[in-house]
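Each ligand, and each atom within it, is numbered from 1 in the order the structure gives.
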Amino acid sequence: MKIRIILSCLALLALAVAASAQKPIPHLEKRGAATQLIVDGKPFLVLGGEADNTATSSLEYMNSVWDKIAKVNVNTVLGAVSWDWIEPQEGKFDWTLVDGMLDGARKHNLRIIIVYFGSWKNGLSSFVPEWVKADQQRFPRARLKNGKPVEVLSTLGEASQQADNKAYTALMHHLREVDSTQRTVLMIQLENEVGLIGDSRDRSAPAEAAFARPVPPELIAYLQKNRLALWPDLRKLWEAAGAKTAGTWQEVFGASAATDEIFMAWNYSHYMEVLAKNGKAEYALPVFSNTWLVQPEDLAPGDYPSGCPEPLTIDIWKAGAPSIDINAPDVHLRNFPDWVARFHRPNNPLFVPESYGDLGGAANAFFGIGEHAGIGYSPFGINNAERWGEAPPRGNAPASTDVSQIPLARAYAILAQMTSLITDAQAKGTIGAAWLTTQIPRKDIALGNYVVNIDINRSRRNPVPALGYAIVVSVGPDEFFIAGRDVQIIFTPNTPGPEIAGLSKVETGKFVDGKWIPGRMVNGDDVVLDYHQAAAAGNNQSGSGLIFGGDGPMIQHVKLYRYR
Ligand code: DGJ
């Protein structure tokens, strides 16, 4: 009897030890000024790359590219899992591709963000299983103004929602079973760039009926509660129509295509909320949506997918899908700073699941993470990263195909070194970043006792580089770590005291396991932009400064002093 009691105590103890050894589930956490992704108990920056849509439908193909992907210094791959691949026959699930993707990632010390192509992928319903495509009675399609159905499931199809919910929750259940120990999967992107293309709203009979009904009270309550914080254009629409607290969609928001878009945003978010919520009940990973942004040539919703969480409709998504943690932008446009500013909001942390992977992508990664407390960055097409090699500097030499040397790989290597410094600074609000071009050549960032004056590097470059970027972390009143490429930086005092700034000490170096290891001591030609200016200390700015060339990025540690 005694032995049995001892044995069961030991078994209980073993269970308790196993449970406590389990890594915590990846989750979002508000830490000071930032909401961060916590992985294995620590803030994590997603240095990501998304694979082409169907790359992960072949394990053989993925096995041929994992090594190359890892060389880009990514720590996370965004890979697709489609409804069709996991439930080719109704009710029969096949996890071969999911398990194979996790296995490939683990062997390369990489994490995964699953991009779930369920009911919609870029507006269309092309990744639903054949048995869904075939049965349009049970899984009704959206219709356009011309009365024709399109290859898009209607958001009003209850059976579609239930079937997608079943597949998605089965996926989350499976992840809980296979990944609760290693936590390879960090987050889920639910669906992909949803929204109706070709019309501003679904004109199927159930959708027309829903459009004629009153706006749901939950949405009205959200508008009322958050009135002052609403996106200004949304608030304007609502107030211009009288800020009504009841009425049809057109009565509440006015009769325009924007109202159709709001209606679609509510319906998509409502459909996806069911999946997000039930999926979290199985396995509570953070969930985000991704948005196909309005392109410059688009005139109206329907030119771009109507109902996607665009800046105008993010509030609608927050009301309709509170279980979706982040509405993320896919920034396939070059004015990255403008777009991320529209998506980073107090209730919407910044994560960029798709964008560029070239030199511009390196600048984007620095900027999103440094200026907007970004959780991470991910260019699209990581399995073909050699395309992002830099143009050869001269002659006809081919661009480097060594992906570890492309601008993005170098930028990720620096961000990886600086992760704990950066995430601490995000929480404290002691970080900023610059993204400069020849059109936007200057940025001033006030941090510590100084304004950090950042210019595109004109010092010894001819022609002036097209792009420069930097991340600036203040670690004390007179001390900074700055990483960047093709920028030149001087400092202006910003607090009472001696009014002229000077460089006290500058060094290059690297972080190893979070510890700074100094390298060269930087001085002379490497800090003097112009010896006349250096001697004159014009405008109280430090005459000398930091110079970051075009072969970086690199990290510099600077201590300043002041004199009068
Ligand atoms: C945006 C989509 O979300 C991706 O799946 C992919 O199709 C890219 N566009 C291609 O650029």
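Summarising the geometry, atom CD1 belonging to Ile38 is positioned 5.0 Å from atom NE2 belonging to His27; distances are rounded to the nearest 0.5 Å. Between the CG atom in Asp325 and the CG atom in Asn347 there is a gap of 11.5 Å [rounded to 0.5 Å].
Salt bridge Arg201/Glu208: present, at least one basic N to carboxylate O contact under 4.0 Å. Between Lys71 and Asp67 there is no salt bridge, since no side-chain nitrogen of the basic residue lies less than 4.0 Å from a carboxylate oxygen of the acidic one.
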In residues 291-300, what donor-acceptor pairs under 3.5 Å come from side-chain atoms, sequence neighbours left out?
{"from": "Thr291", "atom 1": "OG1", "to": "Pro309", "atom 2": "O", "distance (Å)": "2.8"}
{"from": "Gln295", "atom 1": "NE2", "to": "Leu293", "atom 2": "O", "distance (Å)": "2.9"}
{"from": "Asp298", "atom 1": "OD2", "to": "Gln295", "atom 2": "N", "distance (Å)": "2.9"}

Distances under 3.5 Å, N/O of ligand 1 against N/O of the protein: list each pair and its distance.
{"from": "ligand 1", "atom 1": "3 (O)", "to": "Asn122", "atom 2": "OD1", "distance (Å)": "3.4"}
{"from": "ligand 1", "atom 1": "3 (O)", "to": "Asn192", "atom 2": "ND2", "distance (Å)": "2.8"}
{"from": "ligand 1", "atom 1": "3 (O)", "to": "Glu193", "atom 2": "OE1", "distance (Å)": "3.3"}
{"from": "ligand 1", "atom 1": "3 (O)", "to": "Glu193", "atom 2": "OE2", "distance (Å)": "3.2"}
{"from": "ligand 1", "atom 1": "3 (O)", "to": "Glu354", "atom 2": "OE1", "distance (Å)": "3.3"}
{"from": "ligand 1", "atom 1": "3 (O)", "to": "Glu354", "atom 2": "OE2", "distance (Å)": "2.6"}
{"from": "ligand 1", "atom 1": "5 (O)", "to": "Asn53", "atom 2": "ND2", "distance (Å)": "2.9"}
{"from": "ligand 1", "atom 1": "5 (O)", "to": "Lys121", "atom 2": "NZ", "distance (Å)": "2.9"}
{"from": "ligand 1", "atom 1": "7 (O)", "to": "Lys121", "atom 2": "NZ", "distance (Å)": "3.2"}

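The aromatic rings of Tyr469 and Phe366 lie perpendicular to each other, with more than 60° between the two planes, well past the 30° mark.
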